[in-house]
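What's counted below: heavy atoms across the whole structure, side chains too, no hydrogens, waters or symmetry copies.
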Amino acid sequence: MAENAAVEIRDDREHGNLVAYEDGTSAGTIAYFVMDPAPGALVAVHTVVRPEHEGKGIAGALVREFYAMAAREGVPVVPLCPYAAKWAQRHPDEAPAAPGGLVREAERQLRRHPELF
């Protein structure tokens with residue numbers, strides 16, 4: 001599905017959310033964290049789009065911006081979120097794979113923070 005041009009995406013780093021807004025209303029979110037030691041990587045944990053906004057390309061727009069944000073910061077992305085991982089497989093030119101050791105460390109850090117599940 002084509003991505004929705006009317007979506008505004010904002011990073012709420014303090015709360016670990018990348019949020020998509022459509023017409024001023026929150027339409028979807030990627031929950032994430034920054035690996036320790038910062039800025040080790042950006043780790044996508046969950047991608048959620050509100051049911052009334054599904055099918056508009058919002059999840060794809062969020063993941064694309066998440067990877068772009070990481071590239072601007074010079075850090076890799078670890079896509080622990082199943083949607084983000086599938087998106088990365090379909091867009092290898094925009095989503096470089098994270099080294100295996102980094103993925104294992106992100107999984108370990110996520111286990112230490114069950115509030116992120």
Gap separating the CZ atom of Arg10 from the OG1 atom of Thr29, nearest 0.5 angstrom: 11.5 Å
Pairs involving residues 78-89, ordered by first then second residue, that meet salt bridge (Lys or Arg N to Asp or Glu O under 4.0 Å) (sequence neighbours left out): none
query: Applying salt bridge (Lys or Arg N to Asp or Glu O under 4.0 Å), which residue pairs with at least one partner in residues 95-106 are found, sequence neighbours left out?
result: Glu105-Arg108
task: Write down the atom of Ala61, the atom of Ile9, and the distance for their closest heavy-atom approach.
output: O-CD1, 3.5 Å
statement: With sequence neighbours left out, the residues meeting salt bridge (charged side-chain N to carboxylate O under 4.0 Å, His left out) with Arg90 are none
field: ring-ring contact (aromatic ring centres under 6.0 Å, His included) contacts touching residues 56-77 (sequence neighbours left out)
entry: Tyr32-Phe66, Tyr67-Trp87
- prompt: Hey, does Val43 have a side-chain heavy atom less than 4.5 Å from the side chain of Gln109?
  reply: no
query: When rounded to the nearest 0.5 angstrom, what distance separates CG in Leu18 from CE in Met69?
result: 5.0 Å
Cluster companions of Val19 among Ile, Leu, Val, Met, Phe, Trp, Tyr (side-chain spacing under 4.5 Å): Tyr21
message: Taking side-chain contact (heavy atoms from CB on, under 4.5 Å) as the definition, give me every residue that meets it alongside Ala27, ordered by chain and number, with sequence neighbours left out.
response: Glu22, His53, Ile58
- request: Could you tell me which residues satisfy ring pair (Phe, Tyr, Trp, His ring centres under 6.0 Å) with Tyr83, sequence neighbours excluded, listed by chain and number?
  value: none
- prompt: With the 4.5 Å side-chain cut-off for hydrophobic clustering, are Ile30 and Val75 part of the same group?
  reply: yes
task: Only pairs at least two apart or in different chains count here, so list each salt bridge (Lys or Arg N to Asp or Glu O under 4.0 Å) that has a residue in residues 40-51.
output: none
- line: Sequence neighbours excluded, the answer for salt bridge (charged side-chain N to carboxylate O under 4.0 Å, His left out) partners of Glu54 is none
message: Run Met35 and Leu102 through side-chain contact (heavy atoms from CB on, under 4.5 Å) and show every step you take.
response: CA-CA 9 Å; Met35 279 184 63; Leu102 197 60; 3.7 Å; yes
- line: Sorted by chain and number, sequence neighbours left out, side-chain contact (heavy atoms from CB on, under 4.5 Å) with Ala85 holds for Pro79
message: Measuring only between side-chain heavy atoms, which start at C-beta, is Val34 closer than 4.5 Å to Arg13?
response: yes
query: Would you say Val63 and Thr47 make side-chain contact, with heavy atoms under 4.5 Å?
result: yes
query: Listed by chain and number, what are the side chain to side chain donor-acceptor pair (under 3.5 Å) partners of Asp23, not counting sequence neighbours?
result: none
field: Closest approach of Ala31 to Asn17 (non-hydrogen atoms, all atoms of both residues)
entry: CA-OD1, 3.8 Å
